[in-house]
2 protein chains.
Amino acid sequence: MSEKTTIYDIAKALNITAATVSRALNNNPKISAATKKLVMETAAKMNYKQNRLALALKSGKSNNVGVIVPYIDRNFFSAIIRGIEEELYPLGYHVIICQTHEQESTEIDNINALLNAQVDGILMSVSKLTTQTDHFEYVLEKNVPLVFFDRKKDLKGVSTVTIDDFEGGYRATKHLIDQGCKRIAHLSGDWSLEIYKNRYEGYKKALTDHGIALKKEYVIKTKSDIRAGQKASEKLLMLPEPPDAIFSSSDYVALGAIQQLKKHGIKIPTEFCVVGFSNEPFTKFLELSMTTVDQSPVEMGKMAAKVFLEQVKDSNVKIEKKVVLSPTLKIRMSSVK
Amino acid sequence: MSEKTTIYDIAKALNITAATVSRALNNNPKISAATKKLVMETAAKMNYKQNRLALALKSGKSNNVGVIVPYIDRNFFSAIIRGIEEELYPLGYHVIICQTHEQESTEIDNINALLNAQVDGILMSVSKLTTQTDHFEYVLEKNVPLVFFDRKKDLKGVSTVTIDDFEGGYRATKHLIDQGCKRIAHLSGDWSLEIYKNRYEGYKKALTDHGIALKKEYVIKTKSDIRAGQKASEKLLMLPEPPDAIFSSSDYVALGAIQQLKKHGIKIPTEFCVVGFSNEPFTKFLELSMTTVDQSPVEMGKMAAKVFLEQVKDSNVKIEKKVVLSPTLKIRMSSVK
DNA sequence: TTGTAGGCGTTATCAG
DNA sequence: CTGATAACGCCTACAA
């Protein structure tokens with residue numbers, strides 16, 4: 001029983017031809033009910049399982065999609081992958097995972113490997129260190145659907161699923177203003193990634209909309225970790241006129257800020273409010289739970305999958321869909337006076 | 001340039017046969033250096049990329065491995081997947097992801113789908129609700145290597161990579177004893193999963209080794225979430241002689257316990273110590289950081305991948321390797337008086 | 001050293 | 001309705 005049974009085995013057992021077996025198995029209308037039933041039964045009896053590799057070679061569709069992310073164990077990305085998988089699995093697609101470690105060379109490598117593996121599409125979030133776009137254009141040349149989620153590059157023919165980072169930044173900042181904060185600082189990331197630029201723009205707009213002047217020294221670009229948050233907030237506190245609130249583009253940076261503020265004996269939220277970004281799981285579990293912007297990553301993954309599906313459906317027409325999801329402000333203790 | 005170039009295209013361009021091209025591309029010794037060079041150059045010029053599907057069909061090896069986990073966005077599992085991917089990618093393998101949602105029927109479904117896709121191996125963690133083992137035996141019948149990580153079923157011919165849960169439970173409990181705790185409770189999980197049973201056994205052994213009697217009412221089986229932790233610890237506090245420490249098999253349950261203790265105004269760690277299990281990322285970020293048992297999931301993933309590789313290397317000999325990793329106790333604030 | 005031919009498992013096309 | 005045949009892209013005896 002360890003041998004794989006093929007449609008030939010079934011054909012032989014039934015004294016018919018493999019073509020007929022194939023037809024029976026595939027609900028082809030041109031087949032008698034009798035033989036169909038017979039084939040089905042013996043197929044079950046012989047424990048036949050379709051070899052998807054052969055089908056893939058024949059049809060040119062592998063029913064695999066490649067997903068490329070910086071690190072799979074970052075909650076934001078694993079949640080997106082979860083969404084993609086859950087949307088695609090019922091339709092017979094499998095998800096192949098690749099990690100870039102934020103390296104452009106690895107990203108290029110991944111794309112080539114996935115293309116060789118004949119994936120039906122590539123869904124990805126661009127790595128931080130990526131500057132070129134040749135490898136993306138190469139994917140398009142091959143007529144393989146390409147969908148960017150969260151981190152994107154602007155390219156003709158590529159669909160994208162993002163959240164409205166501007167809106168997220170705006171709401172977070174407005175919330176702080178509503179809480180009565182007067183001197184709101186912003187901890188941002190590298191602006192070569194649009195997401196950070198957009199969050200900053202939202203912050204800026206919210207301030208000006210409410211008649212608050214933007215202070216250059218209140219905006220600091222940092223890496224996305226706790227240490228960076230500690231250092232940046234220390235710098236802010238040393239200012240002649242220190243801020244009374246921080247909107248951070250990263251939950252980790254926000255956490256670092258909170259830790260530093262506590263070290264200085266500053267009371268949160270009464271004296272100082274903090275808002276993060278991403279709704280990382282830990283933000284909810286903190287004793288002083290953190291207000292943050294939720295990006296609904298599972299939904300983002302599902303949406304990316306849907307966009308991909310539309311693309312394969314009408315592979316003749318070039319679709320270039322830009323889906324922008326709305327962020328949700330999760331108001332928690334770190335910002336409510 | 002959108003057409004895929006095959007070895008036939010190269011052959012035609014060079015007025016040689018596809019077989020020769022194939023040999024040149026594969027470093028076959030029986031070929032002249034001249035033609036080899038020529039083939040290589042035109043292959044590069046024509047942007048040839050090997051079709052791995054065709055190779056897979058021909059060779060019977062897809063160079064894909066299937067990984068099945070309950071949920072991909074649980075940090076423990078995504079970290080394991082990260083380890084697997086990082087170990088296998090350099091060798092040309094790709095990782096296909098499936099989620100069971102803890103359902104046995106989905107698990108069976110996933111296995112069949114992966115088998116149909118001709119994966120070279122399946123690495124998985126058994127779902128909580130799985131009772132049968134037929135589908136695992138079926139994998140073995142097909143001569144597809146099967147490796148369990150963390151959650152396993154005992155089966156002949158299956159390799160496993162786990163951590164020493166007994167040891168983890170023992171160390172956690174001994175640590176509490178060393179801290180001077182006298183009445184140590186244990187919040188466990190469903191014992192149909194060995195891991196929970198073993199952690200309990202470690203707890204028990206540590207107690208008896210130190211001359212402490214096991215109290216039945218101090219051991220409660222719960223689900224693995226915060227709410228369950230709150231409820232269970234409430235029950236413990238209502239006991240005529242409430243405990244002064246909790247060792248929990250789950251970080252989430254431990255967090256629920258801590259929250260409940262605080263509600264009662266109990267001071268941690270001075271009056272009460274808590275130790276969790278898994279080293280979920282949030283445990284480190286809590287204001288009162290949580291002592292917990294680290295399972296080094298990335299290492300576990302790498303090890304599972306290595307075991308798989310050994311298995312495919314000598315596919316003739318049936319290997320049944322049982323790797324047991326050592327857990328590490330991360331001592332933090334929730335348990336140090 | 002190179003060419004020829006067959007096959008991996010399926011499906012699609014064309015006859016019958 | 002069913003059978004025969006070719007094709008997907010690659011590799012590998014075997015023959016030359």
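Each chain gets a letter, A, B and so on, in the order its sequence line appears, and its residues count up from 1.
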Colleague: Nearest whole Å is fine: how far is C:dG7 C1' from B:Lys58 NZ?
Modeller: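 After rounding, the reported distance stands at 6 Å.
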
Colleague: Tell me the interatomic distance from B:Arg52, atom CZ, to D:dC11, atom C1', rounded to whole angstroms.
Modeller: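 So the CZ-C1' distance, B:Arg52 to D:dC11, works out to 16 Å.
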
Colleague: Counting just side-chain N and O atoms, does B:Ser32 come under 4.0 Å of either OP1 or OP2 of C:dT1?
Modeller: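 Answer is no, no contact under 4.0 Å.
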
Colleague: Is it true that A:Lys302 and A:Glu86 have a side-chain N and a carboxylate O under 4.0 angstrom from each other?
Modeller: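 Salt bridge between A:Lys302 and A:Glu86, a charged N being under 4.0 Å from a carboxylate O: yes.
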
Colleague: Roughly how many Å is it from CG in A:Leu53 to C1' in C:dT10, rounded to a whole number?
Modeller: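 Distance, rounded to whole Å: 11 Å.
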
Colleague: Does any donor-acceptor pair link the side chain of A:Arg23 with the base of D:dG3 at a separation under 3.5 Å?
Modeller: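 Such a pair is found, so the answer is yes.
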
Colleague: If I take atom CE from residue B:Met46 and atom OG1 from residue B:Thr6, how far apart are they, to the nearest 0.5 angstrom?
Modeller: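 Between B:Met46 CE and B:Thr6 OG1, I get 8.0 Å after rounding to 0.5 Å.
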
Colleague: For A:Ile7, answer base if it contacts any base atom (sugar-phosphate contacts may also be present), sugar-phosphate if it contacts only those atoms, and nothing otherwise; contact means non-hydrogen atoms under 4.0 Å.
Modeller: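 A:Ile7: base contact, heavy atoms under 4.0 Å.
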
Colleague: In this structure, how many angstroms lie between the P atom of D:dT12 and the CD1 atom of B:Ile31, rounded?
Modeller: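 One finds 13 Å between P of D:dT12 and CD1 of B:Ile31, rounded.
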
Colleague: Which nucleotide wins on minimum distance to the side chain of A:Ala54, given the candidates C:dT11, C:dT10, D:dC10?
Modeller: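 Selected nucleotide (nearest to the side chain): C:dT10.
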
Colleague: Using heavy atoms and a sub-4.0 Å distance, could you list which residues of residues 8-18 of chain A are near DNA chain C? By number, please.
Modeller: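 Heavy-atom cutoff 4.0 Å gives A:Tyr8.
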
Colleague: Taking NZ, NE, NH1 and NH2 as the nitrogens, is one of them in A:Lys152 or A:Asp154 under 4.0 Å from a carboxylate oxygen of the other?
Modeller: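 So A:Lys152 pairs with A:Asp154 through a salt bridge.
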
Colleague: Decide, yes or no, whether a salt bridge links B:Arg151 with B:Glu194 under the criterion of side-chain N to carboxylate O below 4.0 Å.
Modeller: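 A salt bridge is absent here (no side-chain N lies under 4.0 Å from a carboxylate O).
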
Colleague: Rounded to the nearest angstrom, tell me the gap between atom CG in B:Asn63 and atom P in D:dG9.
Modeller: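 After rounding, the reported distance stands at 19 Å.
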
Colleague: For the pair made of NZ in A:Lys30 and P in C:dT11, what is the distance, rounded to whole Å?
Modeller: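 Answer to the nearest Å: 16 Å.
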
Colleague: Please tell me if B:Gln118 has a side-chain N or O lying less than 4.0 Å from either OP1 or OP2 of C:dG9.
Modeller: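 False: B:Gln118 side-chain N/O out of range (4.0 Å or more) of C:dG9 OP1/OP2.
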
Colleague: Taking atom P of C:dG9 as reference, at what distance in whole Å does atom NZ of A:Lys4 sit?
Modeller: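 Atom-to-atom, A:Lys4 to C:dG9, this comes out as 8 Å.
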
Colleague: Between A:Asn51 and C:dC8, is there a side-chain N or O to OP1/OP2 distance below 4.0 Å?
Modeller: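 So the side-chain polar atoms of A:Asn51 never come under 4.0 Å of the phosphate oxygens OP1 or OP2 of C:dC8.
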
Colleague: What I want to find out is whether A:Glu41 reaches A:Lys45 closely enough, with some N-O distance under 4.0 Å, to be called a salt bridge.
Modeller: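 Salt bridge absent between A:Glu41 and A:Lys45.
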
Colleague: For the backbone of A:Phe149 and the side chain of A:Ser125, can you confirm whether one donor and one acceptor N or O come within less than 3.5 Å of each other?
Modeller: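 Here the side-chain-to-backbone pair exists.
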
Colleague: Report the distance from atom CG of B:Leu55 to atom P of D:dC11, rounded to the nearest whole Å.
Modeller: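 These atoms are roughly 5 Å apart.
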
Colleague: Would you say that A:Ile111 contacts A:Ile68 through its side chain, given a criterion of any heavy-atom pair below 4.5 Å between the two side chains?
Modeller: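 In short, these two side chains touch, coming nearer than 4.5 Å.
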
Colleague: Categorize B:Lys36 for me: base, sugar-phosphate, or nothing, with a 4.0 angstrom heavy-atom threshold over every strand shown.
Modeller: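 Nothing, no nucleic acid heavy atom in range.
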
Colleague: Hey, does the side chain of B:Asn116 reach the backbone of B:Asn112 with a donor-acceptor pair shorter than 3.5 angstrom?
Modeller: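 The answer is yes, because a donor-acceptor pair under 3.5 Å joins these two groups.
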
Colleague: For D:dC1 and A:Thr35 - does any side-chain N or O of the residue sit under 4.0 Å from the phosphate oxygens OP1/OP2?
Modeller: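 So the side-chain polar atoms of A:Thr35 never come under 4.0 Å of the phosphate oxygens OP1 or OP2 of D:dC1.
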
Colleague: So if I take every side-chain heavy atom of B:Leu57 and compare against C:dG9, D:dC10, C:dT2, which nucleotide ends up nearest?
Modeller: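 Closest nucleotide to the B:Leu57 side chain: C:dG9.
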
Colleague: Return no unless some side-chain N or O of B:Ser22 is found under 4.0 Å from OP1 or OP2 of D:dC10.
Modeller: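 Checking B:Ser22 against D:dC10: no side-chain N or O falls below 4.0 Å of OP1 or OP2.
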
